[in-house]
Amino acid sequence: SNSGLPDNDVLSLAIDKQGNKWIGTDRGLAKFDGKRWTVYDIKNSGLPSNFVLSIAVDARGNSWIGTDQGLARFDGKRWTVYNIENSGLPSNSVNSIAIDRQGNKWIGTLGEGLAVYREGGVILKVRK
């Protein structure tokens, strides 16, 4: 079947509470609601890069998208980008994201270790 995937190189997946599937590729982000595909890329969204490495969905329904150029939050309407310049992230390359019960985002980076992000900035950085 013909899908709405921006590319066949699927790098990340997440499913939100509504059952929407979020698919990260090296050419953008796709959302599948069971019937329709929506594709987001740097031309039609606030994504900082089309290279989507990781995705997590928080308890409020915000999608957190890790790219090779920063971390993006999408609340369904607005995009907010976090990077080394505005958030204290140790790297713009966000390889993995997990969200704990307190809403902290545990962020694995390429080459710069682990960071824990809470609204307002990074609260912990860990490196070897």
Side-chain angles (χ1 to χ4, degrees):
S1 68
N2 190 9
S3 76
L5 287 176
D7 194 74
N8 286 329
D9 290 331
V10 174
L11 305 172
S12 52
L13 299 164
I15 301 173
D16 64 25
K17 288 182 181 180
Q18 289 74 39
N20 297 309
K21 285 67 173 178
W22 295 85
I23 301 103
T25 75
D26 62 358
R27 294 189 183 195
L29 175 71
K31 176 183 155 189
F32 181 59
D33 68 7
K35 294 182 182 183
R36 291 174 302 188
W37 291 89
T38 304
V39 175
Y40 302 98
D41 60 32
I42 59 172
K43 294 178 184 173
N44 70 356
S45 73
L47 280 173
S49 168
N50 286 333
F51 203 76
V52 178
L53 298 165
S54 54
I55 307 167
V57 180
D58 67 23
R60 295 181 183 174
N62 296 307
S63 295
W64 293 83
I65 299 105
T67 75
D68 64 338
Q69 297 297 314
L71 176 67
R73 180 184 66 187
F74 181 53
D75 67 7
K77 295 180 182 172
R78 292 181 317 234
W79 293 84
T80 305
V81 174
Y82 305 92
N83 54 42
I84 57 176
E85 289 84 25
N86 69 5
S87 69
L89 286 175
S91 171
N92 283 334
S93 190
V94 177
N95 290 355
S96 58
I97 309 165
I99 303 172
D100 66 24
R101 290 182 183 181
Q102 290 76 37
N104 298 314
K105 286 68 177 174
W106 292 76
I107 299 166
T109 69
L110 179 63
E112 295 298 326
L114 176 70
V116 179
Y117 179 83
R118 182 181 301 156
E119 294 300 321
V122 170
I123 60 171
L124 175 68
K125 293 180 190 178
V126 181
R127 290 196 65 192
K128 178 180 176 183

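Note that the structure is a prediction, hence the values are computed from the model and not measured. Because only heavy atoms are used, hydrogens play no part in the values below, and waters and symmetry mates are left out as well, while side chains stay in.
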Determine whether a donor-acceptor pair (N or O, by modelled atom type, separation under 3.5 Å) exists between the side chain of Ser54 and the backbone of Val94. yes

Under the rule for side-chain hydrogen bond (donor to acceptor under 3.5 Å, both in side chains), what residues qualify as partners of [X], not counting sequence neighbours?
{"X": "Asn50", "answer": "none"}
{"X": "Asp58", "answer": "Asn62, Trp64"}
{"X": "Asp7", "answer": "Arg27"}

Nonpolar side-chain network containing Leu11, other nodes, edges under 4.5 Å: Phe51, Leu53

Could you list who else is in Ile15's hydrophobic cluster, with ILVMFWY side chains joined at under 4.5 Å, directly or through other members? none

[X] to [Y] - nearest heavy-atom pair and separation:
{"X": "Val39", "Y": "Pro6", "result": "CG1-CG, 3.9 Å"}
{"X": "Asp75", "Y": "Lys77", "result": "OD1-N, 2.8 Å"}
{"X": "Val52", "Y": "Gly24", "result": "CG1-CA, 3.6 Å"}
{"X": "Ala30", "Y": "Gly4", "result": "CB-O, 4.0 Å"}
{"X": "Ala14", "Y": "Val57", "result": "CB-CG2, 4.3 Å"}
{"X": "Ile65", "Y": "Ile97", "result": "C-CD1, 4.1 Å"}

Separation between [atom1] of [X] and [atom2] of [Y], rounded to the nearest 0.5 Å:
{"X": "Asn92", "Y": "Ser49", "atom1": "CG", "atom2": "OG", "result": "10.0 Å"}
{"X": "Asn20", "Y": "Ser63", "atom1": "CG", "atom2": "OG", "result": "8.0 Å"}
{"X": "Asn83", "Y": "Ser91", "atom1": "CG", "atom2": "OG", "result": "10.5 Å"}
{"X": "Ser96", "Y": "Ile55", "atom1": "OG", "atom2": "CD1", "result": "12.5 Å"}
{"X": "Thr109", "Y": "Leu89", "atom1": "OG1", "atom2": "CG", "result": "8.5 Å"}
{"X": "Gln18", "Y": "Asp16", "atom1": "CD", "atom2": "CG", "result": "4.5 Å"}

Aromatic ring pairing Tyr40/Trp79, orientation class (parallel under 30°, perpendicular over 60°, tilted between): perpendicular

Within residues 105-115 or reaching into it, pairs that qualify as salt bridge (Lys or Arg N to Asp or Glu O under 4.0 Å) - sequence neighbours excluded: Glu112-Arg127

Sequence neighbours excluded - salt bridge (Lys or Arg N to Asp or Glu O under 4.0 Å) pairs with any residue from residues 64-73: Arg73-Glu119

I'd like to check the salt bridge (Lys or Arg N to Asp or Glu O under 4.0 Å) partners of [X]; sequence neighbours left out, ordered by chain and number.
{"X": "Asp33", "answer": "Arg36"}
{"X": "Arg101", "answer": "none"}
{"X": "Arg60", "answer": "none"}
{"X": "Glu85", "answer": "none"}

Pairs satisfying ring pair (Phe, Tyr, Trp, His ring centres under 6.0 Å), at least one member in residues 91-128, at least two apart: Tyr82-Tyr117

Less than 4.5 Å apart, side chain to side chain, heavy atoms only: is that true for Ile23 and Leu5? yes

Is it the case that more than 12 heavy atoms not belonging to Asn8 sit under 6.0 Å from its CG atom? no

Please report the C-alpha distance between Leu71 and Ile107 in whole Å, then the side-chain angles of each, then the deciding distance to 0.1 Å, and finally whether the side-chain contact (heavy atoms from CB on, under 4.5 Å) criterion is met. CA-CA 9 Å; Leu71 176 67; Ile107 299 166; 3.7 Å; yes

